[in-house]
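Values below: all heavy atoms of this structure, side chains included; hydrogens, waters and symmetry mates excluded. Positions are given from 1, in the same order as the sequence printed here.
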Amino acid sequence: MSKSALFYQTGVDLPLVSHGEGIYLWDTEGTRYIDACSGAITCNMGHQHPAITAAMKAQLDQVAFSYRTQFESQVAVDLGDELVALSRGHLQKVFFVGGGSEAVESAMKLARQYFFERGEPQRKRFVSLSPSYHGSTLGALGLTGYEPLEKPFKDLVMPSIKVPSPDFYRYREGDVESHIAAVLEQTEAAMAAEPADSIIAFVLEPVGGASTGGRMLNRQYLEGVQRLCDRFGCLLIMDEVLSGMGRTGEWFAWQHWDIRPDILALAKGMGAGYYPIAAIMARDELVDTIQSKSGFMHGHTYAGNPLACATGLAVIRAMKDEAVLENVRKEGVYLREQLDWLKSRHACIGDVRGIGFLQGVELVQSQSSKQPFPAEFNAFNKITQIAKDNGLLIYPRRCLNGVLGDHFLVTPPLNTTHQQIDEIIALLDQSLTEFAQTLPDKAI
Ligand code: PMP
């Protein structure tokens with residue numbers, strides 16, 4: 001256990017990491033952990049992947065850093081081309097940044113500058129969902145709908161127009177279709193209440209992560225949002241920081257429906273935990289409009305440096321070589337079946353949702369009432385600690401605006417095998433049994 005100068009959210013003493021291999025991590029005491037959440041849904045190719053580390057070492061031997069106003073690098077050009085190809089040519093322009101919040105901020109600023117250059121500077125507002133997570137910097141936090149993260153900074157951020165996310169688990173009106181129709185109607189009314197031509201973009205995660213526990217939007221909803229964007233003349237920004245880069249079984253989650261964003265934010269899986277690299281992708285018309293005027297008034301020092309881009313390129317190549325998307329599609333179905341099986345065995349599991357290797361498990365007091373656990377019971381942290389004590393890493397958060405609705409994500413590396421899923425499920429089964437034994441009477 002370490003006592004150090006470092007501080008994060010919790011102040012809890014953590015084990016010291018020693019090394020990793022594939023989906024496993026070891027601490028310095030020799031304890032092994034299965035990384036069933038890819039760290040923060042990031043280590044998409046597992047740990048110490050030999051082809052990725054070799055490509056990084058080769059780049060380090062050549063040049064680690066060159067600045068984007070002084071040099072272009074071949075690896076940056078190649079990575080840009082790869083990403084455009086993965087979007088099947090729909091998004092033709094790429095701008096590199098270092099992480100997810102930077103990507104979201106960059107998407108917001110690109111969208112704003114596009115309208116500014118077009119002579120529509122009155123467009124100032126974004127629309128986003130509640131709950132949602134778009135990052136922790138002030139701009140991205142303005143889009144985020146997760147109460148505990150927003151609270152201390154409410155007076156500082158520029159809040160978006162928050163509209164309700166569809167809730168496929170707790171909706172009350174009739175069937176799913178009528179629920180979605182009602183949500184879209186409410187959304188349209190909220191947008192219509194704003195001054196004319198004042199909205200820059202609608203921002204959403206097509207498959208949610210930490211804030212919703214893997215809530216997957218559907219075609220009806222996304223088509224409705226697309227119609228609203230058309231009606232209000234605004235752009236559609238998809239935040240695929242978490243859902244992008246193969247996590248759902250497509251390179252980008254929007255490809256499940258072919259409902260296309262104007263701007264896409266990518267991060268986490270791009271560098272797969274090996275080096276920070278993230279990006280926004282955009283339609284060329286947006287970028288051309290800006291570049292023909294003053295150029296994009298934005299940028300970060302480390303953006304698109306050769307080591308970052310070599311890493312991103314090596315990750316994509318390894319993903320292709322090992323056909324991990326096929327693995328996610330096939331084994332994602334198995335992972336889901338197994339989680340549903342756990343739901344049939346453990347009364348505390350209310351819902352299992354998601355797609356591919358982006359699965360969320362929501363914990364409730366009873367499956368019939370869907371009643372969340374009391375906040376002070378901290379079910380999300382409790383189950384995560386029990387799992388960790390059993391050598392299994394899962395990712396906990398809350399899905400009712402961060403206040404209630406405990407859930408955890410099961411998001412293993414995309415090259416996790418069938419047999420390794422069995423290992424994950426066995427440890428989760430054991431952990432859920434132990435969790436049930438901790439339930440106070442009032443929470444059962
Ligand atoms: N958007 C989404 C959907 C995310 O999941 C995250 C990170 N969890 C972010 C943005 C912010 O990314 P970062 O932590 O790299 O700034």
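- Side chain of T42 to main chain of G39: no donor-acceptor pair is present (N/O by atom type, distance under 3.5 Å, no hydrogens or angles).
- The closest donor-acceptor contact from the side chain of R219 to the backbone of W257 lies under 3.5 Å.
- Using bins of under 30°, 30° to 60° and over 60° for the plane-to-plane angle, the ring pair H179/F168 lands in the perpendicular bin.
- Residue pairs meeting the salt bridge (Lys or Arg N to Asp or Glu O under 4.0 Å) criterion with at least one member in residues 242-266, sequence neighbours excluded, are R88-E250, D258-R260, D262-R283.
- A donor-acceptor pair is defined here as one N or O able to donate and one able to accept, closer than 3.5 Å; no such pair exists between the side chain of E205 and the backbone of S132.
- Rounding to the nearest 0.5 Å places CD1 of I161 at 10.0 Å from CZ of F126.
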_Run the side chain to side chain contact (heavy atoms under 4.5 Å, CB included) test on L342 and D429 for me, step by step, so that the C-alpha distance in whole Å, both residues' side-chain angles and the decisive distance to 0.1 Å come before the verdict._
CA-CA 7 Å; L342 288 180; D429 191 24; 3.6 Å; yes
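- Of all heavy-atom pairs spanning P166 and L217, the tightest one is CG-CD2, 3.7 Å.
- In this structure the side chain of R231 never reaches within 4.5 angstrom of the side chain of M191, judged on heavy atoms.
- At a cut-off of 3.5 Å, with distance as the only test, a side-chain donor of D175 or S178 sits close to an acceptor on the other residue.
- Residues in residues 304-324 take part in these salt bridge (Lys or Arg N to Asp or Glu O under 4.0 Å) pairs, two or more places apart or across chains: E82-K320.
- Here the side chains of F408 and R397 are not in contact, with every heavy-atom distance at 4.5 Å or above.
- Residue K154 places its NZ atom among more than 12 non-hydrogen atoms of other residues, nucleotides or ligands, all under 6.0 Å distant.
- Judged by distance alone, with hydrogens and angles left aside, the side-chain atoms of K268 form no donor-acceptor pair with the main-chain N or O of G100 at under 3.5 Å.
- Note that the CG atom of L358 and the CD1 atom of I41 stand 7.5 Å from one another [nearest 0.5 Å].
- Remark: side-chain polar atoms of Y274 are not paired, donor with acceptor, to backbone N or O of A308 under 3.5 angstrom.
- Under the 3.5 Å distance criterion, the side-chain polar atoms of T144 are left unmatched by any main-chain donor or acceptor of Y146.
- Minimum heavy-atom separation, V183 to Y221: CG1-CE1, 4.0 Å.
- We find the CG-CG distance between L363 and L432 to be 7.0 Å, quoted to the nearest 0.5 Å.
- Here CG of D340 is found 9.0 Å from CG of D351. Values are rounded to the nearest 0.5 Å.
- When only modelled atom types and interatomic distance are considered, E240 and S243 share a side-chain donor-acceptor pair under 3.5 Å.
- Side-chain contact between T411 and C37 is present, with at least one heavy-atom pair separated by less than 4.5 Å.
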*asked:* Between L222 and L204, is the side chain to side chain contact (heavy atoms under 4.5 Å, CB included) condition met? List the steps.
replied: CA-CA 10 Å; L222 288 168; L204 55 79; 3.9 Å; yes
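- With hydrogens and angles ignored, the 3.5 Å screen pairs a side-chain donor or acceptor of H49 with a backbone N or O of A51.
- Inter-residue side-chain proximity for S165 and P131 is flagged as met; some heavy-atom pair is nearer than 4.5 Å.
- Atom CD1 of I237 is separated from atom CD1 of I280 by 8.5 Å, given to the nearest 0.5 angstrom.
- Within a 6.0 Å sphere centred on OH of Y24, heavy atoms belonging to other residues, nucleotides or ligands number more than 12.
- Under the salt bridge (charged side-chain N to carboxylate O under 4.0 Å, His left out) criterion, E194 pairs with R125, sequence neighbours left out.
- Here the shortest heavy-atom pairing between W254 and S87 reads CH2-O, 3.7 Å.
- Residues L400 and H407 are not in side-chain contact: their nearest non-hydrogen atoms beyond the backbone lie 4.5 Å or more apart.
- With a 4.5 Å cut-off on side-chain heavy atoms, S369 and V364 do not count as touching.
- For the pair N305 and Y275, the minimum side-chain heavy-atom distance is below 4.5 Å.
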*Run the numbers on Y334 and D422 for side chain to side chain contact (heavy atoms under 4.5 Å, CB included), then give the verdict.*
CA-CA 10 Å; Y334 181 62; D422 289 339; 2.4 Å; yes
*Take V225 and L184 through the test side chain to side chain contact (heavy atoms under 4.5 Å, CB included) and record every step on the way to the result.*
CA-CA 7 Å; V225 168; L184 285 169; 4.3 Å; yes
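- Listed for the K370 side chain is no donor-acceptor partner under 3.5 Å among the backbone atoms of R170.
- Between F373 and A379, the closest heavy-atom pair is CD1-CB, 3.7 Å.
- Using modelled atom types, no side-chain atom of Q226 and backbone atom of L236 make a donor-acceptor pair closer than 3.5 Å.
- Atom CD of E337 is surrounded by more than 12 heavy atoms from other residues, nucleotides or ligands within 6.0 Å.
- Between F357 and I421, the closest side-chain pair of non-hydrogen atoms falls below 4.5 Å.
- Annotation for E326: atom CD counts as buried by contact number, over 12 foreign heavy atoms lying within 6.0 Å.
- Under a 3.5 Å cut-off, the side chain of E105 and the backbone N or O of A140 do form a donor-acceptor pair.
- Atoms CD1 and CG, on I263 and D239 in that order, are 12.0 Å from each other to the nearest 0.5 Å.
- Look at R353 and E362 and you find a salt bridge, because one of the NZ, NE, NH1 or NH2 atoms lies within 4.0 Å of a carboxylate O, short of that distance.
- Under 3.5 Å, the side chains of S128 and H134 contain no donor-acceptor pair of N or O atoms.
- Of all the heavy atoms in A253 and V207, the pair that sits closest is CB-CG2, 4.0 Å.
- Minimum interatomic distance between G142 and K162 (heavy atoms only, all atoms of both residues): O-NZ, 3.1 Å.
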